[in-house]
2 protein chains.
Amino acid sequence: MALILTFLGKSGIARSKIAIAAAKLLATQGKRVLLAGLAEPTLPILLETTLSPDPQEIAPNLQAVQFQASVLLERNWEEVKKLEAQYLRTPIFKEVYGQELVVLPGMDNALALNAIREYDASGKYDAIIYDGTGDGSTLRMLGMPESISWYVRRFRQLFVNSDLGKTISESPLIQPLITSFFNVNWTADNFSQPTNQVNNFLDQGKAALANPERVAAFLVTTSDPIDVANSRYLWGTAQQVGLTIGGAILVSDQQNTNLSAEFTPLPVSIVPDVSNGEWQPLIDALPNFVEQALQAPKPIDIDVHNRQVRLFLPGFDKKQVKLTQYGPEVTVEAGDHRRNIFLPPALSGRPITGAKFQNSYLIISF
Amino acid sequence: MALILTFLGKSGIARSKIAIAAAKLLATQGKRVLLAGLAEPTLPILLETTLSPDPQEIAPNLQAVQFQASVLLERNWEEVKKLEAQYLRTPIFKEVYGQELVVLPGMDNALALNAIREYDASGKYDAIIYDGTGDGSTLRMLGMPESISWYVRRFRQLFVNSDLGKTISESPLIQPLITSFFNVNWTADNFSQPTNQVNNFLDQGKAALANPERVAAFLVTTSDPIDVANSRYLWGTAQQVGLTIGGAILVSDQQNTNLSAEFTPLPVSIVPDVSNGEWQPLIDALPNFVEQALQAPKPIDIDVHNRQVRLFLPGFDKKQVKLTQYGPEVTVEAGDHRRNIFLPPALSGRPITGAKFQNSYLIISF
């Protein structure tokens with residue numbers, strides 16, 4: 001189980017520099033580090049080396065890998081074909097080669113998240129630094145275990161009882177495929193017992209995201225007010241996804257820039273830019289990531305005893321936060337992200353008796 | 001039918017400034033312009049106004065809209081429910097409210113592309129400026145008509161002949177849904193006759209993308225070498241998607257910066273940054289977008305007479321370009337994008353007799 005760290009912010013080059021510096025820092029502390037980036041030139045230029053879709057050692061304790069969606073898709077396709085061959089008498093997929101497959105929007109995110117999951121499970125790394133797009137798209141990616149599991153909870157019963165659901169559950173392929181991918185059994189019986197799912201794939205992802213010792217992100221900003229506003233927006237959005245933001249990192253050569261008010265209660269670390277290939281001053285100015293992540297406000301706090309749910313939603317004002325209860329769950333909307341809150345049995349199904357938005361917290365009473 | 005313009009590059013704030021300046025320029029030329037951005041604070045701050053999911057006039061001839069994926073999903077869901085109610089005796093979806101739906105990765109791209117398509121078809125605009133993520137994700141989005149139609153061409157026959165396909169084609173919902181969404185009939189007969197599809201949704205998207213008077217993008221860069229390298233990478237990747245890049249725009253206060261060598265044969269326009277809210281110097285320095293787009297190299301040129309296909313792949317060297325023929329089509333891989341080339345009947349199915357990579361062109365002979 002590794003610590004998974006990522007960085008959010010508008011300036012991609014600054015983010016990549018911080019990611020590299022963080023990877024170097026953790027590696028010199030003796031941690032086995034994997035630095036994972038996207039298929040684009042920033043990391044190779046900054047690291048002064050080519051990167052490949054398989055991890056390669058670039059310094060002691062430090063490996064780097066480039067997620068190429070096409071290659072990841074190819075490799076996963078082989079697994080799909082094996083499953084198909086196992087379950088279907090007349091396989092469709094076996095005639096299609098992984099090398100032809102085109103990546104559609106969203107697949108790249110799903111493939112990258114799956115690759116991180118596999119590297120995490122490999123036990124080879126103590127820390128994985130993901131240098132992704134650092135925007136809403138990265139947040140949707142990290143939110144996938146939760147959002148997919150909402151679709152499963154919401155649609156399974158409706159689906160299983162429908163004509164179409166009955167047809168598909170009789171299909172010799174679909175059910176094994178779903179079982180294999182999500183480690184859940186696509187039948188009404190299992191789905192109505194959430195306890196059966198504890199060990200599954202999606203719940204593991206949700207548990208990791210909810211634990212700041214496992215997954216945390218830091219905001220990277222310059223002193224440009226637009227950059228600051230975007231970082232604050234990403235901060236709030238990250239909370240909606242359930243991702244802990246440990247702190248803000250301000251890239252500035254002026255030590256007296258003060259952004260504390262914008263990011264209260266997070267600590268703001270001021271770090272210098274890399275100049276002439278000198279990484280050490282940047283590395284030395286980095287915060288202690290785990291320590292800060294553990295002290296950061298939790299995105300969600302469910303207090304069964306007081307029948308309250310508190311959501312930390314910084315960067316938004318009251319008008320930007322919407323609370324509704326159309327379906328069976330409580331839906332919170334802020335920014336462009338929606339969250340359906342999966343409540344424990346003690347609160348689930350109860351009507352909302354009150355809600356207020358105070359000091360960046362949405363407090364819902366049941 | 002509008003001109004659809006977008007900007008690619010690593011610096012999001014610079015891209016948004018160029019997008020706004022371009023929108024202002026075209027509006028003052030008398031064109032009816034829609035400026036469409038994502039749900040994040042950059043555009044509202046630069047425009048000094050709030051934006052909503054519906055277009056609002058912000059200057060004469062100039063409307064602005066913010067694509068909020070949650071809202072777009074809600075609206076599209078209503079359409080899906082209507083279709084379902086029409087075709088299914090026991091609807092599943094009607095019990096799920098659009099207001100609960102969570103956006104999964106990829107949906108945001110599909111919804112934004114669909115919104116652009118609808119605004120384009122509305123006839124209300126002469127130009128749509130899309131201020132998106134400006135990275136590989138925007139390119140995958142614009143490439144969707146082509147990549148989805150590849151999945152359709154590649155899988156339909158295999159699927160229709162399979163047990164699963166037979167099951168689904170008998171379903172009272174799936175077939176009407178596919179027919180409605182893609183305007184294609186999910187039966188073996190129709191699929192084997194590509195001419196029947198000429199008027200469909202995906203082909204319209206492909207035709208628009210292939211026409212530089214309809215869809216074009218410009219690279220936005222600073223003089224930072226990492227920024228330049230990323231712009232070159234996006235340039236090559238855009239060609240793989242079939243998107244014309246009309247030129248490069250260098251944001252710099254130094255008129256003597258010279259990046260012509262990096263972007264040959266594209267013109268490089270040097271524009272000043274916006275300072276103190278002064279947009280005019282930036283607007284005055286912008287290129288003539290349509291003129292440059294029309295003169296730019298075409299991403300693909302199919303020469304039936306000489307049995308040649310020429311692909312323009314700038315920014316890549318020979319080792320980064322891969323040509324294979326695993327499936328029924330020719331597959332070209334460059335960067336992290338794969339393209340299956342749909343050939344006209346005269347070349348389709350012929351073996352490749354030669355291929356060379358010369359002056360950024362991949363020339364394939366049949």
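Everything numeric here is computed off the predicted structure, so don't read it as measured data. Labels below follow one simple rule: chain letters A, B, ... track the order of the sequence lines, proteins then strands, and each chain is numbered from 1.
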Should the heavy atoms of other residues, nucleotides or ligands under 6.0 Å from CD of A/E48 be counted, would the total exceed 12?
no

One option among B/P105, B/G327, B/P328 has the most heavy-atom pairs under 4.5 Å with chain A, and it is B/P105

Quick one: what part of B/L46 sits under 4.5 Å from any heavy atom of chain A, side chain, backbone, both or neither?
side chain

Given a strict heavy-atom distance threshold of 4.5 Å, which part of B/Q240 is in contact with chain A: side chain, backbone, both, or neither?
neither

Heavy-atom pairs under 4.5 Å with chain B - which of [options] has more of them than the others?
options                        : answer
A/D108, A/D227, A/L139, A/T133 : A/D108
A/L73, A/T237, A/N340          : A/N340
A/G136, A/S11, A/G143, A/G106  : A/G106
A/E329, A/R339, A/H337, A/R154 : A/R154
A/M141, A/Q66, A/E95, A/E333   : A/E95

Determine the minimum heavy-atom distance between A/A229 and B/P41, stating which atoms define it.
O-CG, 3.6 Å

How far apart are the closest heavy atoms of A/T331 and B/Q99, and which atoms are they?
CG2-O, 3.8 Å

State the CH2-CG distance between B/W150 and A/L104, to the nearest 0.5 angstrom.
9.0 Å

Please verify the inter-ring angle class for A/F155 with B/F93; under 30° counts as parallel, over 60° as perpendicular, anything in between as tilted.
perpendicular

Taking atom types as modelled, find out whether A/T42 and B/N230 have a side-chain donor-acceptor pair closer than 3.5 angstrom.
yes

Exam field: side chain [X] to backbone [Y], donor-acceptor pair closer than 3.5 Å:
X      : Y      : answer
A/D336 : B/A69  : yes
B/Y97  : A/Q325 : no
B/Y151 : A/V102 : yes

Can you check side chain to side chain contact (heavy atoms under 4.5 Å, CB included) on B/E40 and A/K10, steps first, answer last?
CA-CA 10 Å; B/E40 48 125 83; A/K10 195 86 181 163; 2.7 Å; yes

If I measure from the heavy atoms of chain B, does A/I13 come under 4.5 Å with its side chain, its backbone, both, or neither?
both

Side chain from CB out, backbone as N, CA, C, O: work out which of these in A/S147 comes under 4.5 Å of a heavy atom of chain B, or both, or neither.
both

Is there a side-chain contact between B/Y326 and A/V96 (heavy atoms, below 4.5 Å)?
no

Do NZ/NE/NH1/NH2 and the carboxylate oxygens of B/R338 and A/E100 come within less than 4.0 Å?
no

